[in-house]
Each structure stands twice: as C-alpha cells, then as structure tokens.
Amino acid sequence: QVQLVESGGGLVQPGGSLRLSCAASGSDFSFYEMGWYRQAPGWQRDMVATITSGGSTSYVGSVKGRFTISRDNAKNTVYLQMNSLKPEDTAVYYCNVVHVLNRQRNYWGQGTQVTVSS
C-alpha cells in the first residue's frame, strides 16, 4: 500500500519561504512521477510542479522562478522549496505520485496547509 506523508506547511509572511516534504513508502518510486498540487477554497486542485524519475521538471507559470521541486530517490522523498511567497499561494498543498507505465496507480497525500499572510 502506497503511503505519502507530507510536512512543512504553515503560516508565513509575504516574501517568506517554506519547504514542503513528502515521504513515500510502499513501492519502488523510481518508476513514479512525483508532484505537488494545490487547492484553494472554492477552486479546483491544480498542478504546481512535477518531476520525473530522471529529474525533468515542469511548473505552473505563476510559480516559475520562485518554487523549486526536487526529489531524493534514495529516500523516496519529493520536496517543494517555495520562495518569495505571495498571498495567492495560500492553499492546501497535496503530494502526488503516479506510475509512469500505469497511470491508474495514482496516489495522493493528505495535504498540508500553506498560508501566506501578514
């Protein structure tokens, strides 16, 4: 059974930084794409950043240059470094992993709240 445990959310002032972590267990994650999504109240859940097992990354336009996704395959962990945070980044952030050969093997973490406010 795949489990994802997120950490690192919290309250931060505009312009501040946070680093989210997601530790995965229950499978060989070298065959999984990993990513972060976010959902603000009243909005759908949207992709923030993804990273392939080979390290290729993609970002939504609004976070390019401010957020960095990375992964440690030895630790089965994906990170999201968030800098220059803005109030519009406020949302629940979810970790996601999906098997590259079987997209039905798609798993979500429980979510961690990020609030950017003065």
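Note that these values count all heavy atoms, side chains included, but never hydrogens, waters or copies made by symmetry.
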Residues in side chain to side chain contact (heavy atoms under 4.5 Å, CB included) with [X], at least two apart?
X: Ser62; answer: Arg38, Val60
X: Ser84; answer: Arg66
X: Val114; answer: Leu18, Leu20, Met82, Tyr93, Val116
X: Ala40; answer: Trp43, Ala91

Looking at [X] and [Y], what are the two nearest heavy atoms and their distance?
X: Ser30; Y: Ser53; value: O-CB, 3.0 Å
X: Val48; Y: Val63; value: O-CG2, 3.9 Å
X: Leu4; Y: Ala24; value: CD2-CB, 3.5 Å
X: Ala49; Y: Ile69; value: O-CD1, 3.6 Å

Item to check | From CA spacing to verdict: side-chain contact (heavy atoms from CB on, under 4.5 Å), Ser27, Val2 | outcome: CA-CA 6 Å; Ser27 185; Val2 171; 4.0 Å; yes
Checklist entry - What pairs with Thr50 under side-chain hydrogen bond (donor to acceptor under 3.5 Å, both in side chains), at least two apart in sequence or on another chain? => result Ser58
Item to check | All side-chain hydrogen bond (donor to acceptor under 3.5 Å, both in side chains) counterparts of Ser7, not counting sequence neighbours | outcome: none
Checklist entry - Quick one: ring-ring contact (aromatic ring centres under 6.0 Å, His included) partners of Tyr32, sequence neighbours excluded? => result Phe29, His99
Checklist entry - Partners of Tyr107 by ring-ring contact (aromatic ring centres under 6.0 Å, His included), sequence neighbours excluded? => result none
Item to check | Euclidean distance, Asp72 CG relative to Met34 CE, rounded to 0.5 Å | outcome: 10.0 Å
Next on the checklist: Measuring from atom CD1 of Ile51 to atom CH2 of Trp36, what distance do you get when rounded to the nearest 0.5 angstrom?
Outcome noted: 12.5 Å
Checklist entry - Short question: side chain of Arg71, backbone of Thr52 - any donor-acceptor pair under 3.5 Å? => result yes
Next on the checklist: For Ser117 and Leu11: C-alpha separation, side-chain torsions, deciding distance, then whether side-chain contact (heavy atoms from CB on, under 4.5 Å) applies.
Outcome noted: CA-CA 7 Å; Ser117 175; Leu11 173 65; 4.2 Å; yes
Checklist entry - Which ILVMFWY residues can you reach from Val92 by hopping between side chains whose heavy atoms are under 4.5 Å apart? => result Tyr37, Met47, Tyr94, Trp108
Checklist entry - With clusters built from Ile, Leu, Val, Met, Phe, Trp and Tyr whose side-chain heavy atoms come within less than 4.5 Å, directly or transitively, what are the remaining members of the cluster of Tyr79, listed by chain and number? => result none
Item to check | Of Asn96, Val100, Asn102, the residue whose pairing with Val98 passes side chain to side chain contact (heavy atoms under 4.5 Å, CB included) | outcome: Asn96
Checklist entry - Restricting to pairs with a member in residues 6-35, which pass salt bridge (Lys or Arg N to Asp or Glu O under 4.0 Å), not counting sequence neighbours? => result none
Item to check | Selection residues 73-82 - residue pairs positive for salt bridge (Lys or Arg N to Asp or Glu O under 4.0 Å), sequence neighbours left out | outcome: none
Item to check | Derivation and outcome, side-chain contact (heavy atoms from CB on, under 4.5 Å), residues Gln113 and Thr90 | outcome: CA-CA 8 Å; Gln113 177 70 46; Thr90 295; 4.0 Å; yes
